[in-house]
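Note on naming: letters A, B, ... go to the chains in the order of the sequence lines (proteins, then strands), and numbering restarts at 1 for each one.
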Amino acid sequence: MGQRTKIKALLESEQTDIEVVVKGWVRTFRNNQFIALNDGSTNNNIQIVVDFENTDAALLKRITTGAAISVTGILIASLGKGQKVEVKATEVEILGDSDPEKYPLQPKKHSLEFLREIAHLRFRTNTFGAIFRVRNSLSFAIHQFFQERGFVYLHTPIITASDAEGAGETFHVTNFDLANPPKTETGEIDFSQDFFARPTNLTVSGQLEGELAAMALSDIYTFGPTFRAENSNTTRHLAEFWMIEPEMAFYDLNDNMDLAEALLKYVIAYALDKNKEDIEFLSQRLEEEEKQKPQAERSEMNLLQKLEFCLNNDFERVTYTEAIDILKESTPNKKKKFQYLVEGWGTDLQSEHERYLVEKHFKKPVILTDYPMEIKAFYMRQNDDGKTVRAMDVLFPGIGEMIGGSQREERLDKLEQRMDEMGIPKEELWWYLDTRRFGACPHAGFGLGFERLVLFVTGMGNIRDVIPFPRYPKNAEF
RNA sequence: UCCUGAGUAGCUCAGCCGGUUAGAGCAUCUGACUGUUAAUCAGAGGGUCGCUGGUUCGAGCCCAGCCUCAGGAGCCA
């Protein structure tokens with residue numbers, strides 16, 4: 001018995017009439033003789049032809065949807081239509097049975113909601129096979145992009161003590177017996193007896209630590225899990241998600257934007273090249289889904305066209321102030337179609353405003369910059385006008401904010417002043433402020449939400465479908 | 001957390017104005033057929049109508065509370 005060959009290689013094989021061994025999971029078994037077999041190497045199945053008249057009936061009965069089998073046979077040019085090659089089986093071995101009365105996946109369309117409930121099995125569907133192969137490629141491409149440019153991959157801590165970053169609600173980390181935690185004399189929980197001798201939580205961002213490393217290594221990036229305990233119930237938020245956070249010394253905001261745009265284009269192009277078939281499958285899947293919708297709600301471009309369009313056009317770069325002017329003069333604002341009307345300068349943009357700018361006005365990715373200081377984080381570099389900061393948000397159609405970043409405030413006095421104003425405890429972040437005391441330099445960085453990127457490239461509608469086992473309020477199954 | 005909608009067979013869904021034994025397609029099982037493409041044909045089995053309580057002679061249907069899911073909003077990546 002020879003080595004097993006993956007189905008992707010078999011389907012691409014130039015040679016036929018050779019003996020092969022294939023292993024995989026049965027998708028369908030038609031007519032008591034045709035097995036559609038898949039091993040995840042490609043979305044396409046290989047057809048196994050069983051000589052049912054000379055095969056034990058008890059064995060045939062065990063070839064059911066979901067069963068794991070090993071097939072030895074001859075790879076031949078297919079005698080039927082619909083596929084180029086097929087495997088004429090000489091031996092079929094059942095590696096793992098799959099009780100058809102209990103196996104939940106059927107050879108038919110299932111709703112994404114149902115598949116979410118059986119996330120441990122949804123890998124076995126065409127859609128999720130494609131999604132996770134694309135996710136893999138995007139992940140690899142991100143490393144390749146940064147490695148080609150001399151960035152250092154930095155592992156920032158998952159457990160942090162500072163709760164001062166203001167990036168959101170945190171999950172606490174402790175080894176206390178929660179039913180009976182040590183108390184101080186005044187009746188409060190005594191964290192001095194906890195594992196780290198202080199309150200700790202899961203990271204909400206590796207940025208502050210990333211900045212420390214950039215102040216020596218020049219260009220670094222992180223790519224790791226991030227945790228937010230916000231009670232967010234949307235199609236674009238998770239409690240546990242993966243984030244890419246590059247941080248570059250001697251970069252200003254323009255350099256930052258250039259890098260962000262280059263990164264996104266690089267990884268999208270990479271996935272289009274490596275996962276053409278998967279993305280084509282997802283594109284077709286979307287088109288069929290769209291046929292259910294009324295004409296007016298269908299998108300103008302299919303998924304492939306959207307991705308190509310994104311590659312071939314410069315992202316629009318607009319300041320917050322310019323964006324407000326555009327929105328003020330926009331038809332939906334004048335006709336009072338917006339739920340939140342745009343009247344003055346200074347408030348944050350609502351989802352509907354971002355969507356109007358990206359999907360209706362510019363019709364391409366938009367980078368908004370120079371937001372009002374009041375609505376942005378303390379570490380963003382202040383502009384000379386005294387009211388805006390060098391922030392940037394990269395907005396994508398259908399997704400909203402894909403990237404959030406800024407040039408960082410490197411001037412100690414400005415930074416401390418802002419921390420005081422916003423009530424950020426300077427003592428806790430002494431180590432962060434030290435970088436401004438010793439060899440401070442202009443620098444910038446951003447955070448890219450990995451699942452939002454996967455969402456865009458796969459064309460999926462819910463972020464819970466582009467991560468293997470999503471964590472969100474009231475859900476940590478699997 | 002807020003707004004809207006939904007929860008009926010393994011899956012997708014229908015179920016009239018509150019009225020007899022709750023239906024269909026697919027899946028499953030049995031049989032037939034055997035170059036099929038989510039095979040086809042015939043037959044069969046399969047239900048705590050999300051949960052709890054209430055109204056009523058009678059509730060899948062009406063009311064209240066709760067749970068879960070979806071979409072939108074907020075928080076953000």
Side-chain angles (χ1 to χ4, degrees), chain A residues 27-36 44-53 60-61 64-66 76 78-83 86 88 98-118 121 125-126 165-169 203-207 222-245 260 338-340 348-355 375-377 393-396 399-405 446-456 461-465 467 472-475 477:
Chain A
R27 285 290 175 81
T28 65
F29 184 33
R30 287 185 298 269
N31 218 350
N32 215 19
Q33 60 179 317
F34 301 105
I35 304 169
N44 300 310
N45 305 324
I46 195 156
Q47 174 155 290
I48 310 292
V49 186
V50 183
D51 178 8
F52 67 96
E53 282 169 325
L60 289 174
K61 266 195 101 127
T64 57
T65 304
I76 58 168
S78 179
L79 302 179
K81 288 173 188 166
Q83 59 280 317
E86 62 193 18
K88 194 172 159 60
S98 175
D99 184 348
E101 298 232 38
K102 291 176 185 156
Y103 187 62
L105 286 173
Q106 303 154 19
K108 65 169 243 180
K109 279 217 167 94
H110 288 290
S111 67
L112 294 170
E113 292 81 9
F114 172 65
L115 292 171
R116 219 169 280 151
E117 291 170 17
I118 50 165
L121 297 174
T125 64
N126 288 332
E165 299 163 38
E169 293 294 311
T203 182
V204 292
S205 164
Q207 181 201 319
T222 72
F223 188 171
T226 308
F227 308 88
R228 306 256 168 108
E230 254 116 39
N231 192 7
S232 296
N233 293 287
T234 78
T235 53
R236 53 191 186 285
H237 288 87
L238 291 166
E240 177 184 282
F241 62 100
W242 290 68
M243 187 155 65
I244 296 100
E245 294 183 289
F338 281 144
Q339 199 186 335
Y340 298 89
D348 211 349
L349 298 177
Q350 302 289 319
S351 285
E352 58 178 346
H353 304 143
E354 294 182 350
R355 244 186 291 123
I375 60 173
K376 287 292 181 183
D393 280 4
V394 181
L395 308 177
F396 263 62
I399 312 283
E401 188 179 344
M402 178 88 80
I403 282 177
F446 58 82
L448 164 63
F450 184 57
E451 282 75 20
R452 291 191 180 172
L453 172 66
V454 183
L455 209 46
F456 180 72
N462 192 319
I463 202 163
R464 295 167 185 176
D465 294 331
I467 188 167
Y472 50 96
K474 293 177 181 150
N475 205 303
E477 191 68 59

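Using N1 to N3 plus N6-O4 or O6-N4 for Watson-Crick, or N1-O2 and O6-N3 for G-U wobble, each under 3.5 Å, A27(B) pairs with nothing. Remark: C2(B) base-pairs with G72(B); criterion is Watson-Crick or G-U wobble with both hydrogen-bond distances under 3.5 Å.
The gap from the C1' atom of C16(B) to that of C62(B) amounts to 16 Å, rounded to the nearest Å. Taking atom C1' on both G23(B) and C63(B), the two are 27 Å apart, rounded to the nearest angstrom. Taking atom C1' on both nucleotides, C3(B) is separated from G74(B) by 11 Å, rounded to a whole Å. Between U28(B) and G15(B), the distance separating the two C1' atoms is 24 Å to the nearest Å. Comparing the same atom, C1', in C13(B) and in G19(B) gives a spacing of 24 Å after rounding to whole Å. With both ends at atom P, the span from A77(B) to A9(B) equals 42 Å, rounded to whole Å. With P as the reference atom, U12(B) and A27(B) are 15 Å apart, rounded to whole Å. Rounded to whole Å, the C1' atom of G60(B) lies 11 Å from the corresponding atom of G47(B).
Atoms CD1 (Ile35(A)) and P (A39(B)) sit 13 Å apart, rounded to a whole Å. Remark: C1' of U34(B) and CD of Glu53(A) are 8 Å apart, rounded to the nearest angstrom. In this entry the distance linking OH of Tyr103(A) with C1' of G10(B) reads 13 Å, nearest Å. For the pair Glu117(A) CD and U12(B) P, the computed distance is 8 Å after rounding to whole Å. One can place CG of Asn462(A) at 19 Å from P of A77(B), the figure rounded to the nearest angstrom. Taking atom CZ of residue Phe29(A) and atom C1' of nucleotide U40(B), one finds them 15 Å apart after rounding to whole Å. Atoms NZ (Lys102(A)) and P (G46(B)) sit 17 Å apart, rounded to a whole Å. What separates CG of Leu121(A) from C1' of G10(B) is a distance of 13 Å, to the nearest Å.
Taking only side-chain nitrogens and oxygens, Arg30(A) comes nearer than 4.0 Å to OP1 or OP2 of A39(B). In this structure, Ser351(A) reaches the G74(B) phosphate: one of its side-chain N or O atoms is under 4.0 Å from OP1 or OP2. For A73(B), the OP1/OP2 oxygens have a side-chain nitrogen or oxygen of Arg236(A) closer than 4.0 Å. Residue Asn231(A) has a polar side-chain atom (N or O) positioned under 4.0 Å from OP1 or OP2 of U1(B). Contact check, Thr28(A) against A38(B): no side-chain N or O comes under 4.0 Å of OP1 or OP2.
The aromatic ring centres of Tyr340(A) and His353(A) sit 6.0 Å or more apart. Not less than 6.0 angstrom separates the ring centroid of Phe227(A) from the ring centroid of Phe241(A).
No side-chain donor-acceptor contact under 3.5 Å links Asn475(A) and Arg116(A). In summary, the side chains of Thr28(A) and Arg30(A) do present a donor paired with an acceptor at a separation below 3.5 Å, with no hydrogens or angles considered. With no hydrogens or angles considered, no side-chain donor-acceptor pair links Gln47(A) and Ser78(A) at under 3.5 Å.
In terms of polar N and O atoms assigned as donor or acceptor, the side chain of Gln47(A) comes within less than 3.5 Å of the base of U36(B) in a complementary pairing. Taking 3.5 Å as the limit, the base of U37(B) and the side chain of Gln83(A) contain a donor-acceptor pair of atoms between them. For G10(B), its base sits under 3.5 Å from the side chain of Gln106(A) at one donor and acceptor pair at least. If you check distances only, the side chain of Arg464(A) never reaches the base of C69(B) with a donor-acceptor pair under 3.5 Å. Applying the 3.5 Å distance criterion, the base of G72(B) shares no donor-acceptor pair with the side chain of Glu352(A). Interface remark: the Asn233(A) side chain does form a donor-acceptor pair with the U1(B) base, using a distance-only criterion of under 3.5 Å.
A77(B) has its base stacked against the ring of Phe241(A), the centroids being under 5.5 angstrom apart at an interplanar angle below 30°.
Contact annotation for Ile403(A): backbone-only contact, meaning every heavy-atom pair under 4.0 Å involves sugar-phosphate atoms and none involves a base. Among the protein residues, Gly447(A) comes within range of the sugar-phosphate backbone only, with heavy atoms under 4.0 Å from sugar or phosphate atoms but none that close to a base. Note on Arg116(A): only backbone sugar-phosphate atoms sit closer than 4.0 angstrom, heavy atoms only; bases stay farther off.
For Lys81(A), whose side chain is taken as the heavy atoms from C-beta onward, the closest listed nucleotide among U68(B), C69(B), U37(B) is U37(B). Here the nucleotide nearest the side chain of Thr235(A), chosen from G72(B), U36(B), G74(B), is G72(B). For Arg452(A), counting side-chain heavy atoms from C-beta on, the closest listed nucleotide (C76(B), G74(B), U37(B)) is C76(B). Residue Phe52(A) has its side chain nearest to U34(B) when only U34(B), C76(B), G35(B) are considered. Of the candidates C11(B), G72(B), U37(B), C11(B) carries the atom nearest the Lys108(A) side chain, counting heavy atoms from C-beta on. In the set G35(B), A77(B), A70(B), A77(B) carries the atom at the smallest distance from any side-chain atom of Met243(A).
To the nearest 0.5 Å, atom OG1 of residue Thr125(A) and atom NZ of residue Lys109(A) are 12.0 Å apart. Here CD1 of Ile467(A) is found 8.0 Å from CH2 of Trp242(A). Values are rounded to the nearest 0.5 Å.
A salt bridge does not link Asp348(A) with Lys376(A): every distance from a Lys NZ or Arg NE/NH1/NH2 to an Asp or Glu carboxylate oxygen is 4.0 Å or more.
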